[in-house]
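See structure below.
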Protein chains: 2
Amino acid sequence: MRRHVFIFGLVGGLLIATLQYTEYRFVVIEHTVELYSALVAILFATFGIWLGLRITRRRETVRETVVVREVLVPAEAAALEPFAANTARQQTLGITARELEILTLVARGFSNREIATQLFVSENTVKTHCARAFDKLGAARRTQAVQRGKELGLLP
Amino acid sequence: MRRHVFIFGLVGGLLIATLQYTEYRFVVIEHTVELYSALVAILFATFGIWLGLRITRRRETVRETVVVREVLVPAEAAALEPFAANTARQQTLGITARELEILTLVARGFSNREIATQLFVSENTVKTHCARAFDKLGAARRTQAVQRGKELGLLP
DNA sequence: TGCAAAATCATCCGAAAGAATGACGACATC
DNA sequence: GATGTCGTCATTCTTTCGGATGATTTTGCA
């Protein structure tokens, strides 16, 4: 997190420095301020959105488990069994929340690239998670992993 | 989402207008550009983070409902429609018996080669059946085909 | 605060999967 | 006998997957 703030400040400083530099050196057109403002606005808005997503993303997995519990309690006894074995099995197999998250997306028929886009991570990362999940499930293919996951009650 | 974009544009426009106005009316100090840039940067970064938070919050809400469905539907659906809609849906989609046979093996996690060996046919034949089945199911990947197949009650 | 576990990303490389075609024989139907 | 469907197989080419491995960053916890 400290790093983000640092980069944020750095980029800001650099941008301002650039602005100052170009102002004295290059084209000083009329109405340049608005142009710069717009540019800076767009740039930082984009960066801000990215930062916002990045910050909040981490909490999702935690919140997800909370949500599941909140949902399951009203659903009562019927829903309690399948998900109890769920996390238990997940624990014993050492499958992390992230891996399971990706596994569910695999089960829904998404490609690695699509999953990567959805989760705002690299395709390589998705592959890594997949590989680890497959290994823990003893699966050689994603279809096999999905099948195993359903058998074990890890996937709906 | 459209609303966000609208507000975004509105704020941007207002900001630029304000800048332009103040430039001609009020203090036009030296180094104003940097000040403005920084201000704009901070403003929009904040806005971006806020937007990011909003977006992700909505996503979580969606996920919540999805979880509910995932928990409730399969339990009842499995008990309600065992094999009735099966052949009917198969007919309407024009999926042949052979294609469905191969599809079930795909769903069990077998590779094309393994399926070919099991059925005493060429791997190319399996691929052809797969391709046709995928086409009829509107699936691009085998995992997607499996998912669709289960949704439609074609696969257990 | 420091450490272990997770998560992230990358690269190389081979295997599997899929798309697009074309073809051929068996069978049923009209 | 023409037509249509189905199952079979092949070739070529592109994309996607998956394995192996190493590295860095982030996070959660003692």
Query - For Arg132(B), side chain to side chain donor-acceptor pair (under 3.5 Å) partners two or more places apart - result: none
Query raised in the report: Can you check the Leu119(A) CG to dC9(C) P distance for me, whole Å?
Result: 10 Å
Report task. Could you grab the distance from atom CZ of Arg108(B) to atom CD of Gln144(A), nearest 0.5 Å is fine? Result -> 12.5 Å
Query raised in the report: Is there a side-chain polar atom (N or O) of Thr96(B) under 4.0 Å from OP1 or OP2 of dT5(D)?
Result: no
Query raised in the report: Rounded to whole angstrom units, what separation is found between the CD1 atom of Ile115(B) and the P atom of dA16(C)?
Result: 13 Å
Report task. Do nucleotides 15-22 of chain D as a string where each nucleotide becomes B, S or -: B if the base has a protein heavy atom under 4.0 Å, S if just the sugar-phosphate does, - if no protein is that close. Result -> -SBB----
Report task. Grab the two heavy atoms, one from Cys130(A) and one from Asn112(A), that are nearest each other, plus how far apart they are. Result -> SG-OD1, 3.8 Å
Report summary line: Ile95(A) CD1 to dA6(C) C1', in whole Å, measures 14 Å
Query raised in the report: To the nearest angstrom, how far is Gln144(A) atom CD from dA16(C) atom P?
Result: 13 Å
Report task. Would you mind classifying the nucleic acid contact of Thr125(B) as base, sugar-phosphate or nothing, using non-hydrogen atoms under 4.0 angstrom? Result -> base
Query raised in the report: Under the side chain to side chain donor-acceptor pair (under 3.5 Å) rule, what pairs show up with a residue in residues 146-156 of chain A, not counting sequence neighbours?
Result: Gln147(A)-Glu151(A), Arg148(A)-Glu151(A)
Report summary line: Assign each of Ile102(B) and Asn124(B) the nucleotide of DNA chain D bearing its closest heavy atom; nearer the 5' end lies the nucleotide of Ile102(B)
Report task. Measure from CZ on Arg98(A) to C1' on dG28(D) and round the result to the nearest Å. Result -> 16 Å
Query raised in the report: Do you know the tightest heavy-atom contact between Ile95(B) and Leu100(B)?
Result: CG2-N, 4.0 Å
**Report entry** All pairs passing salt bridge (Lys or Arg N to Asp or Glu O under 4.0 Å) where residues 133-145 of chain B contributes a residue, at least two apart
**Finding:** Glu114(A)-Arg141(B), Glu99(B)-Lys136(B)
Report summary line: Rounding to 0.5 Å, atoms CZ (Phe120(A)) and OG1 (Thr125(A)) come to a distance of 14.0 Å
Query raised in the report: Could you state the CD-C1' distance from Glu101(A) to dT8(C), rounded to the nearest angstrom?
Result: 14 Å
Report task. Return the minimal non-hydrogen interatomic distance between Leu103(B) and Ala133(B), and the atom names on each side. Result -> CD1-CB, 4.2 Å
Query raised in the report: Which pair of non-hydrogen atoms, one from Thr143(A) and one from Gly109(B), has the smallest distance, and what is that distance?
Result: OG1-CA, 3.5 Å
Query raised in the report: In whole angstroms, how far is the P atom of dC9(C) from the NE2 atom of His129(A)?
Result: 8 Å
Report task. Would you mind telling me which of Leu105(B), Ile115(B), Leu119(B) makes a side-chain contact (heavy atoms from CB on, under 4.5 Å) with Val126(B)? Result -> Ile115(B)
Anything under 3.5 Å between a protein N or O and an N or O of nucleotides 27-30 of chain C, put it in a table, one pair a line.
none

Query - Approximate separation, where rounding is to 0.5 Å, of Leu154(B) CG and Thr104(B) OG1 - result: 11.0 Å
Report summary line: Taking five pairs at each terminus, the helix from dT1(C)-dA30(D) to dC30(C)-dG1(D) shows an axis bend, to 10°, of 60°
Query - Spacing between Leu137(B) atom CG and dA19(C) atom P, to the nearest angstrom - result: 12 Å
